[in-house]
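As structure tokens, the structure follows; a few thoughts come after it.
First the proteins, then the strands, lettered A, B, ... as listed; each starts at 1. As the structure is a computational prediction, the values presented were derived from the model and not from experiment.
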Amino acid sequence: MPTVPALPTSSLSFVSAPRVRFAPAPTGFLHVGSARAALFNWMFARHTGGTFVLRIEDTDPARSRDELVEGIERTLHWLGLDWDEGPFRQSARMHLYAEAADRLLAEGSAYWCDCTREAVDARTPAGAPPGYDGFCRDRGVERTPETALRLRTPDEGETVVHDLIRGDVHFDHRTLEDVVIQRRDGTPTFLLANAVDDADMAISHVIRGEDLLPSTPKVLLLRQALGNHEVPVFAHLPLLVDEKRQKLSKRRHAIAVEEYREQGYLAEALRNYLALLGWAPPGDREIVPLDEMVDLFEVEAVNKAPAFFDLTKLAHVNATYLRALPVATFVRESLPWLMEDPPWPPERLDPSVFEAVAPLVQERVQTLGEVPGMVDFLFLEAPDIDPDSWAKGVTRMAEAGAVLGDAIATFESCHWEAEAIHQATLDIAVRHGLKLAKAQAPIRVAVTGRSVGPPLFESLQALGRASTLERLRAARARWASEQPTSASQ
RNA sequence: GGCCCCAUCGUCUAGAGGCCUAGGACACCACCCUCUCAAGGUGGCGACACGGGUUCGAAUCCCGUUGGGGCUGCCA
């Protein structure tokens, strides 16, 4: 595998084009927080004319599975985030990390340790801070299948992390413990692989989540021990949190980008919303197309405070993008949701009927996943009548029976076109001394099964006269059967 | 416990000493529009965590307090 020559000096990162990387560990799905990190790296690279590298951190054998990697690539593609190099897989570069480990050992920067977690804990006095105590530092432990390699961290001095978002962050070496860099099975931990690869791939700017900030001095120390004295510039992004201000967790939230896709969120919308978390375009604008986003993006302007991942606002952004779509595109994007697992017999779907009402549906849904529920009455044999809607629009309305009867008679002969149906319904309203809003209610419930939905007259036109009349008659019959006194009328 | 980070409306944010009686957006409320629901329009509610400094002047700078979070794994 070809390796990229290392940058000669650290200052070069400012004069030559930046190189950034997105380095997820494969977990089977792409976390929205990771997607945000990928987006910020990507925007930074595109804004600066730099290079965006994709690197899969699959040093843990349990995570090194092809399908997990494919999922990341697919989702990144869906989001429109293309990479210039990679994907490099750490599982294919193990020899590099092994060499590095050998060198560190030979030079005395690392040592073998045979302590188990239990042994370390047992040595820790009650109440004292937990952590490794450097027990094996000078015990001369030989390599066995039971030993792991630890980095010998300095006892004095400090490491400073230069962060574009947070400024200089100082870490006192005395607070750093000797971390494991190679497991007993010989595989590297992420610190080692990370240090080796960032140097080898000449990464100039490391943009990632704030949760990685505490591990940064260790990586820097590792790089130094490996003889790599260039220091990348860091930018630790604020975490994405839940309503309790805690890191998004798989347990309680939908955090996979794929889930949002499946719910009918548009990639552009999710991307736009993600960009708004921790950053804001200049001016009072939030809905900004990608290319403009790239022009405007500045890592230095990213916020420090954690951001709440707000589904309500995401939905709003998505609805805005949905409405902005050309109708033909909206129809095309909706089709998968209409065809996959629909609430009606699949063969009853008539795309041309959907097209007729699509513009009306478009401005009433926040996600594509809501589309079927908005038009189901058009493709169902008979609509499911919502009990509350029936009670409100028919049972509790004195004129309901009469209006339904009139509608049956009137709709039999009127011209079957939205405006004409509108006019006819207006006439019905007048005849019963009602406002149009009131008169349309029982008709809407009878035909669509609900008290809310797309504009009624266009819906009736799309449904067709025959089905409309059939449903009106059924409703009228049901109404009659529910009357306490006379059954017919 | 230790180390580290953070702190403007409920939420996302604008604000880089005077332009701030703190702006926008989401949510919420009211009204308008209207065949329901949306969309749209108008208006409303609503924040600089607290305490000290520095300064003629602080949301903006410094210190402290409080609060929140992250890390503390042979996960990344």
Checklist entry - To the side chain of A:T59, which of B:C74, B:C4, B:A76 is closest? => result B:A76
Item to check | Between P of B:C71 and CG of A:L191, the distance in whole Å | outcome: 14 Å
Checklist entry - How many Å lie between CG on A:D310 and P on B:C26, as a whole number? => result 12 Å
Checklist entry - For A:D242 and B:C12, what is the distance between atoms CG and C1' respectively, to the nearest whole Å? => result 15 Å
Checklist outcome for this item: pair_partner(B:C26), Watson-Crick or wobble, both distances < 3.5 Å, evaluates to B:G10
Checklist outcome for this item: Per atom distances to the A:L436 side chain, the nearest of B:A7, B:C35, B:U13 is B:C35
Item to check | Ionic contact status for A:D242 with A:K244, cut-off 4.0 Å | outcome: no
Checklist entry - Between A:F308 (CZ) and B:C6 (C1'), how many Å, whole number? => result 18 Å
Checklist entry - With a 4.0 Å cut-off on heavy atoms, is A:E177 in touch with a base, just the backbone sugar-phosphate, or nothing at all? => result sugar-phosphate
Next on the checklist: At 4.0 Å (heavy atoms only), tell me whether A:D172 reaches a base, stays on the sugar-phosphate, or touches nothing.
Outcome noted: nothing
Checklist entry - Using purine N1 to pyrimidine N3 plus N6-O4 or O6-N4 for Watson-Crick, or N1-O2 and O6-N3 for G-U wobble, each under 3.5 Å, what pairs with B:C31? => result B:G41
Checklist entry - Could you give the CZ-to-P distance, from A:F22 to B:A76, as a whole number of Å? => result 16 Å
Next on the checklist: Please report the distance, rounded to the nearest Å, between CD1 in A:I165 and C1' in B:A16.
Outcome noted: 16 Å
Checklist outcome for this item: Whole-Å distance, A:D168 CG to B:C4 P, equals 14 Å
Item to check | Minimum heavy-atom distance A:R471-A:L380, with the two atoms named | outcome: NH2-O, 2.9 Å
Checklist entry - Just by modelled atom types, is the A:E158 backbone N or O under 3.5 Å from a matching donor or acceptor in the A:D172 side chain? => result no
Checklist entry - So, does the side chain of A:K313 form a donor-acceptor pair with the base of B:A25 at under 3.5 Å? => result yes
Item to check | Residues forming a ring pair (Phe, Tyr, Trp, His ring centres under 6.0 Å) with A:F171, sequence neighbours excluded | outcome: none
Checklist outcome for this item: Taking a pair to mean Watson-Crick or G-U wobble geometry with both distances below 3.5 Å, B:U55 pairs with none
Checklist entry - What distance, rounded to whole Å, do you find between the two C1' atoms, one in B:U55 and one in B:U13? => result 29 Å
Next on the checklist: What I want to find out is whether A:R89 reaches A:D66 closely enough, with some N-O distance under 4.0 Å, to be called a salt bridge.
Outcome noted: yes
Checklist entry - Is the centre of the A:F309 ring less than 6.0 Å from the centre of the A:Y273 ring? => result yes
Item to check | Base-pairing mate for B:A76 - Watson-Crick or G-U, with both contacts under 3.5 Å | outcome: none
Checklist entry - Which residue pairs pass the salt bridge (Lys or Arg N to Asp or Glu O under 4.0 Å) test when at least one of the two sits in residues 439-451 of chain A, sequence neighbours left out? => result A:D376-A:R450
Item to check | Integer angstrom distance from the P of B:G68 to that of B:G53 | outcome: 27 Å
Item to check | Residues from residues 353-370 of chain A lying under 4.0 Å of RNA chain B - heavy atoms | outcome: A:E363, A:R364
Checklist entry - Relative to the ring of A:H205, is the ring of A:F44 parallel (under 30°), tilted (30 to 60°) or perpendicular (over 60°)? => result tilted
Checklist entry - Which pairs, with at least one residue in residues 427-436 of chain A and sequence neighbours excluded, count as a salt bridge (Lys or Arg N to Asp or Glu O under 4.0 Å)? => result A:D406-A:R431
Checklist entry - In terms of side-chain geometry, is the basic nitrogen of A:R285 or A:E292 positioned less than 4.0 Å from the acidic oxygen of its partner? => result yes
Item to check | Short side-chain N/O contact from A:N303 to OP1 or OP2 of B:A14, under 4.0 Å | outcome: yes
Checklist entry - Heavy atoms under 4.0 Å, any strand shown: does A:F171 hit a base, just sugar-phosphate, or nothing? => result sugar-phosphate
Item to check | Closest nucleotide among B:G24, B:C26, B:C35 to the A:L456 side chain | outcome: B:C35
Checklist entry - So what does A:G283 touch, heavy atoms closer than 4.0 Å: a base, only the sugar-phosphate, or nothing? => result nothing
Checklist entry - Among the nucleotides B:C74, B:C12, B:C6, which one has an atom lying closest to any side-chain atom of A:L277? => result B:C12
Next on the checklist: Suppose we define a pair by two distances each less than 3.5 Å, Watson-Crick or G-U wobble; what does B:G46 pair with here?
Outcome noted: none
Checklist entry - Would you say A:S451 reaches B:C37's phosphate, i.e. side-chain N/O to OP1/OP2 under 4.0 Å? => result no
Checklist outcome for this item: Which of B:C12, B:U36, B:C5 is nearest the side chain of A:R444? It is B:U36
Item to check | Distance in angstrom units between A:L274 CG and B:C12 P, rounded | outcome: 14 Å
Item to check | N-O pairing of A:D388 and A:K392 below 4.0 Å | outcome: no
Next on the checklist: Between A:R285 and B:G24, is there a contact of a side-chain N or O with OP1 or OP2 at under 4.0 Å?
Outcome noted: no
Checklist outcome for this item: The answer to which of A:A301 and A:A148 contacts RNA chain B further toward the 5' end, by nearest nucleotide, is A:A301
Next on the checklist: Taking salt bridge (charged side-chain N to carboxylate O under 4.0 Å, His left out) as the definition, give me every residue that meets it alongside A:E370, ordered by chain and number, with sequence neighbours left out.
Outcome noted: none
Checklist entry - Should A:D200 and A:R93 count as an ion pair when the cut-off is N to O under 4.0 Å? => result yes
Next on the checklist: Regarding A:T448, tell me which of base, sugar-phosphate or nothing describes its non-hydrogen contacts under 4.0 Å with the strands shown.
Outcome noted: nothing
Checklist entry - Are A:R166 and B:C5 close enough that a side-chain N or O sits under 4.0 Å from OP1 or OP2? => result no
Using a cut-off of under 3.5 Å, enumerate the N/O to N/O pairs linking the protein to nucleotides 62-70 of chain B.
residue, atom, partner, partner atom, Å
B:G69, OP1, A:Q246, NE2, 3.3

Checklist entry - From the list B:U36, B:C6, B:G23, which nucleotide is the closest neighbour of the side chain of A:A305? => result B:C6
Next on the checklist: I'd like to know if A:R184 reaches the base of B:C74 with its side chain, counting only an N/O donor and acceptor under 3.5 Å.
Outcome noted: yes
Checklist outcome for this item: Out of B:C74, B:C35, B:C3, minimum distance to the side chain of A:T175 belongs to B:C3
Next on the checklist: If I pick the P atom on B:G64 and the same atom on B:C5, what distance separates them, to the nearest angstrom?
Outcome noted: 12 Å
Next on the checklist: So A:H236, base contact, sugar-phosphate only, or nothing? Heavy-atom distance under 4.0 Å.
Outcome noted: nothing
Checklist entry - What does B:C71 pair with, Watson-Crick or G-U, if both distances are under 3.5 Å? => result B:G2
